[in-house]
Amino acid sequence: MGKKRRAKKLEKKLAAEARKLTLPKVLKLMAKTFVLVFGISVLLAFGIAAGLEWLRSLWAQILVYGAGYFLAYRWLMSDFLPPPVEALEKRKK
């Protein structure tokens with residue numbers, strides 16, 4: 001089997017394994033989501049207390065939560081991404 005084919009096969013296997021839902025992965029995702037929402041809520045509360053009245057608007061809050069989720073998506077879903085193949089090949093040597 002060629003080197004490229006072996007790497008591709010390993011990559012497919014790792015991707016399928018990473019997508020599987022397991023209880024530890026789901027619990028970790030829930031904990032990360034809680035931390036994210038709690039942090040954004042605290043920032044919103046401090047912003048409103050500091051006098052930023054526009055943060056009281058529902059649409060502004062939705063925008064802030066959406067932006068926070070968009071920025072933290074990679075961190076939230078890191079457990080469901082396969083590890084890079086190059087890192088595994090270097091570790092084997």
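Just so it is clear, the values below take in all heavy atoms, side chains as well, and ignore hydrogens, waters and symmetry mates. The chain is numbered in sequence order, starting from 1.
Nearest heavy atoms, Lys25 versus Lys20: NZ-O, 3.3 Å.
Tyr69 and Val37 fall within a single hydrophobic cluster, where Ile, Leu, Val, Met, Phe, Trp and Tyr side chains are chained together by heavy-atom contacts under 4.5 Å. Both Met30 and Leu76 sit in one connected hydrophobic cluster of ILVMFWY residues. Membership requires side-chain heavy atoms under 4.5 Å apart, directly or through other members. A single hydrophobic cluster is not seen to contain both Leu43 and Val35; linkage of ILVMFWY side chains at heavy-atom distances under 4.5 Å, directly or through other members, places them apart. By the rule that hydrophobic residues join a cluster once side-chain heavy atoms approach within less than 4.5 Å of another member, Phe80 and Leu14 end up as members of separate clusters. A single hydrophobic cluster is not seen to contain both Leu71 and Val64; linkage of ILVMFWY side chains at heavy-atom distances under 4.5 Å, directly or through other members, places them apart.
Annotation: side chain of Gln61 is in contact with side chain of Ile48 (closest heavy-atom distance under 4.5 Å). Between Leu29 and Met77 there is a side-chain heavy-atom pair separated by less than 4.5 Å.
Of the inter-residue distances, the one linking Lys8 atom NZ with Leu10 atom CG reads 13.0 Å to the nearest 0.5 angstrom. Between the CG atom in Leu63 and the CG atom in Leu55 there is a gap of 10.0 Å [rounded to 0.5 Å]. Here the CD1 atom belonging to Ile40 is positioned 4.0 Å from the CG atom belonging to Leu36, to the nearest 0.5 angstrom. Between atom NZ of residue Lys9 and atom CZ of residue Arg6 there is a gap of 9.5 Å, rounded to the nearest 0.5 Å. Between Trp75 atom CH2 and Lys32 atom NZ the span is 6.0 Å, to the nearest 0.5 Å.
Taking the six-membered ring where tryptophan is involved, the planes of Phe38 and Phe34 are essentially parallel, since the angle between them stays under 30° and well short of 60°.
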Subject >> Stepwise side-chain hydrogen bond (donor to acceptor under 3.5 Å, both in side chains) test for Ser41 and Tyr65 >> reply: CA-CA 9 Å; Ser41 298; Tyr65 279 110; 2.7 Å; yes
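A salt bridge is defined here as a Lys NZ or Arg NE, NH1 or NH2 lying under 4.0 Å from an Asp or Glu carboxylate O, and Lys28 with Asp79 meets this definition.
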